[in-house]
Amino acid sequence: MVSSKVQEALAKAQENPVIGYKSLLSSLDDFSPPEARPADLKAITDDLFAASHGVVTTKAVLTDLIAVLQKSQNQESWIDVGTHIVRAISSTPSLSSSLVDQASALRELVATAHENNEDFLAAAKTLAEIPLDSSQRRVSDREKAQIWIRIVRNHLEEDDSTTAETYLNKLKNVMHKVGDADPEMMLHFKLSAARIQDSNRQFLQAASSYHDISFSPSIAEEERLHTLSMAIKCAVLAPAGPLRSRALGRLHKDERSAGLEEYGILEKMFFDRLLSSDEVEKFAQSLAPHQLAKTSDGSTVLARAVVEHNLLSAGRLYNNIGFDELGLLLGLNGDKAEETTAKMIEQGRLTGSIDQINQIIYFEMGEASGEDGSGHTTAQVGKEIRRWDSNVQALAEDVERVTDLLQGEFPEFVATQIAV
């Protein structure tokens with residue numbers, strides 16, 4: 001319900017719009033109680049656009065109106081009144097192109113209210129409506145980055161890494177221009193990139209990004225330790241192999257890791273020790289939902305990481321092992337154990353060979369290359385080639401020896417059968 005005094009002031013404002021509206025807005029606290037403030041501000045808006053006062057007057061009054069709205073510090077009013085004013089601007093084609101700055105300021109205000117109310121999706125959608133490439137409005141790279149980073153963070157709060165990544169890619173085009181001048185924005189950019197890598201299960205990259213952020217002096221010690229904890233979690237979840245081993249090594253050398261809950265599993269993985277189900281279950285309780293999501297084969301990311309780690313650990317303990325025995329060790333059936341081993345050898349994350357006839361896996365010493373291939377190290381590949389060359393040479397020598405014997409015993413036969 002609009003206050004009666006506001007209605008009277010609006011009638012008088014038409015005589016001299018600029019002075020009348022400004023006087024009304026400046027003294028609004030005197031005759032507009034808090035409970036009636038949203039309705040009064042919307043009434044002023046409707047009266048302003050209905051009267052068609054022109055661009056200059058409308059722009060000046062809107063600027064004062066936005067200042068009054070912002071001063072109220074009422075989140076619900078920001079959303080209610082702010083959205084109402086934006087609609088009024090949009091529904092007036094003759095003025096909308098000239099009021100882009102005012103509409104953008106209102107959308108930012110509305111988005112801030114949504115963020116404070118933890119309605120992050122609504123905040124992201126509101127910010128996305130702000131024109132950043134409009135011909136009617138010049139927007140600096142810094143302003144673009146500020147809006148895009150807010151959109152990215154809001155989508156990440158809603159676990160929508162796909163949309164967040166879209167806006168992060170836009171950010172990459174401008175961050176090199178504004179990042180040095182704004183360390184806080186660069187920090188938010190790096191943290192958002194790490195969270196997207198984490199959500200996309202790019203755990204090795206995420207571990208490295210989180211670890212780098214954990215050294216930033218721009219954040220509190222508690223936050224640095226939290227990002228270090230996230231780095232350890234991502235490293236544990238990464239596919240087993242030489243790249244993960246190096247990531248685990250960097251984190252294990254970090255003296256701060258020893259004080260974290262995740263240090264126990266980090267140490268065991270770094271030293272290639274077998275993990276028990278109790279340790280894995282305890283670690284799983286600290287993971288985020290997306291880190292416990294199921295993969296295409298029906299297992300969780302953590303379960304796959306543990307199986308692959310225990311397979312590498314088994315390679316340190318045994319020279320060879322049967323399919324069924326390895327499956328018992330990994331908590332899988334024999335066929336699945338063979339399939340997992342073959343995949344890791346093929347991807348260069350494990351060195352060894354498989355005897356499918358006798359159902360035995362042979363492990364070889366040395367670190368895998370980490371690249372797709374036979375699952376042998378460079379030194380072992382050279383050894384295999386030399387062995388092959390030696391066998392070919394021995395076979396050729398045997399053939400030559402047999403030929404010499406035939407030549408001595410049956411020269412006529414050799415002359416007719418073997419071309420010189």
Side-chain angles (χ1 to χ4, degrees), residues 37-46 48-49 58-59 61-93 95-175 178 182 184-185 188-189 191-193 195-196 199:
R37 185 66 54 83
D40 289 341
L41 290 175
K42 286 195 285 186
I44 295 172
T45 301
D46 294 340
L48 175 66
F49 281 92
T58 305
K59 185 179 291 188
V61 175
L62 267 184
T63 301
D64 291 341
L65 183 57
I66 294 170
V68 171
L69 177 63
Q70 190 170 12
K71 185 180 176 181
S72 70
Q73 294 297 315
N74 186 319
Q75 311 297 322
E76 298 306 321
S77 290
W78 286 4
I79 296 172
D80 183 20
V81 179
T83 303
H84 183 83
I85 300 174
V86 169
R87 287 197 191 117
I89 294 173
S90 301
S91 60
T92 311
L95 296 175
S96 58
S97 60
S98 302
L99 301 175
V100 176
D101 286 334
Q102 286 70 24
S104 298
L106 285 164
R107 287 189 172 101
E108 285 196 59
L109 191 64
V110 171
T112 300
H114 283 309
E115 289 170 343
N116 293 337
N117 292 338
E118 297 186 0
D119 189 351
F120 301 109
L121 182 58
K125 289 181 177 180
T126 302
L127 290 168
E129 293 173 355
I130 296 176
L132 299 179
D133 298 310
S134 173
S135 58
Q136 290 91 5
R137 180 175 180 246
R138 293 185 63 182
V139 184
S140 68
D141 289 332
R142 178 182 172 81
E143 290 174 313
K144 290 179 181 180
Q146 288 175 331
I147 297 298
W148 284 334
I149 199 69
R150 287 178 67 183
I151 295 174
V152 169
R153 296 177 68 187
N154 281 314
H155 280 297
L156 285 175
E157 291 297 330
E158 291 291 320
D159 293 325
D160 184 2
S161 61
T162 302
T163 308
E165 188 172 13
T166 300
Y167 284 95
L168 188 79
N169 290 333
K170 293 183 179 183
L171 263 171
K172 291 178 182 177
N173 297 325
V174 299
M175 282 307 297
V178 301
D182 194 335
E184 184 178 355
M185 188 187 300
H188 286 310
F189 171 74
L191 184 58
S192 297
R195 291 178 63 184
I196 289 172
S199 296

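The analysis underlying the following values was restricted to heavy atoms, covering all of them including side chains, and did not include hydrogens, waters or symmetry mates. Since this is a predicted model, take the numbers as computed values, not measurements. Heads up: numbering here begins at 1 and tracks the sequence.
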*Heavy-atom donor-acceptor pair, W78 side chain to L69 backbone, under 3.5 Å*: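 Checked: pair present.
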*Measure from the side-chain N and O atoms of S97 to the backbone N and O of P93, and report whether any donor-acceptor pair falls under 3.5 Å.*
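A pair under 3.5 Å: no.
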4.5 Å side-chain heavy-atom contact, [X] and [Y]:
{"X": "W148", "Y": "N169", "result": "no"}
{"X": "E108", "Y": "T126", "result": "no"}
{"X": "I79", "Y": "N117", "result": "yes"}
{"X": "H84", "Y": "D46", "result": "yes"}
{"X": "M185", "Y": "M175", "result": "yes"}
{"X": "I85", "Y": "I89", "result": "yes"}

Testing the basics here: between [X] and [Y], what is the closest heavy-atom pair and its distance to 0.1 Å?
{"X": "L168", "Y": "S192", "answer": "CD1-CB, 4.3 Å"}
{"X": "I151", "Y": "A124", "answer": "CG1-O, 4.2 Å"}
{"X": "G82", "Y": "L106", "answer": "CA-CD2, 4.2 Å"}
{"X": "D80", "Y": "P38", "answer": "OD2-CB, 4.1 Å"}
{"X": "S104", "Y": "I130", "answer": "OG-CG2, 3.7 Å"}
{"X": "R142", "Y": "D182", "answer": "NH1-OD2, 2.9 Å"}

If you measure from [atom1] on [X] to [atom2] on [Y], what distance do you get to the nearest 0.5 Å?
{"X": "S72", "Y": "R37", "atom1": "OG", "atom2": "CZ", "result": "7.5 Å"}
{"X": "T83", "Y": "R107", "atom1": "OG1", "atom2": "CZ", "result": "9.5 Å"}
{"X": "T63", "Y": "L99", "atom1": "OG1", "atom2": "CG", "result": "8.5 Å"}
{"X": "L65", "Y": "T45", "atom1": "CG", "atom2": "OG1", "result": "4.5 Å"}
{"X": "Q146", "Y": "L132", "atom1": "CD", "atom2": "CG", "result": "11.0 Å"}
{"X": "Y167", "Y": "N154", "atom1": "OH", "atom2": "CG", "result": "11.0 Å"}

Can you confirm whether more than 12 heavy atoms, excluding those of [X], are under 6.0 Å from its [atom1] atom?
{"X": "K42", "atom1": "NZ", "result": "yes"}
{"X": "R153", "atom1": "CZ", "result": "no"}
{"X": "Q73", "atom1": "CD", "result": "yes"}

*Distance-only polar pair, side chains of Q75 and N116, donor-acceptor under 3.5 Å*: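 Looking only at side-chain atoms, N116 and Q75 do form a donor-acceptor pair, the distance falling under 3.5 Å.
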*Tell me, please, which residues at least two apart from D159 pass salt bridge (Lys or Arg N to Asp or Glu O under 4.0 Å).*
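D159 satisfies salt bridge (Lys or Arg N to Asp or Glu O under 4.0 Å) with no residue once adjacent residues are dropped.
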*asked:* For R150, give me all partners under side chain to side chain donor-acceptor pair (under 3.5 Å), at least two apart in sequence or on another chain.
replied: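 Counting only residues at least two positions away or on another chain, R150 forms a side chain to side chain donor-acceptor pair (under 3.5 Å) with T112, E115.
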*State which residues pass side chain to side chain contact (heavy atoms under 4.5 Å, CB included) with A105; sequence neighbours excluded, sorted by chain then number.*
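With neighbours one apart ignored, the set is empty.
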*Looking at R195 and E157, does any basic side-chain N land under 4.0 Å from a carboxylate oxygen?*
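Salt bridge: yes.
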*Kindly determine whether D101 and K59 satisfy salt bridge (Lys or Arg N to Asp or Glu O under 4.0 Å), including the steps that lead there.*
CA-CA 9 Å; D101 286 334; K59 185 179 291 188; over 6 Å; no
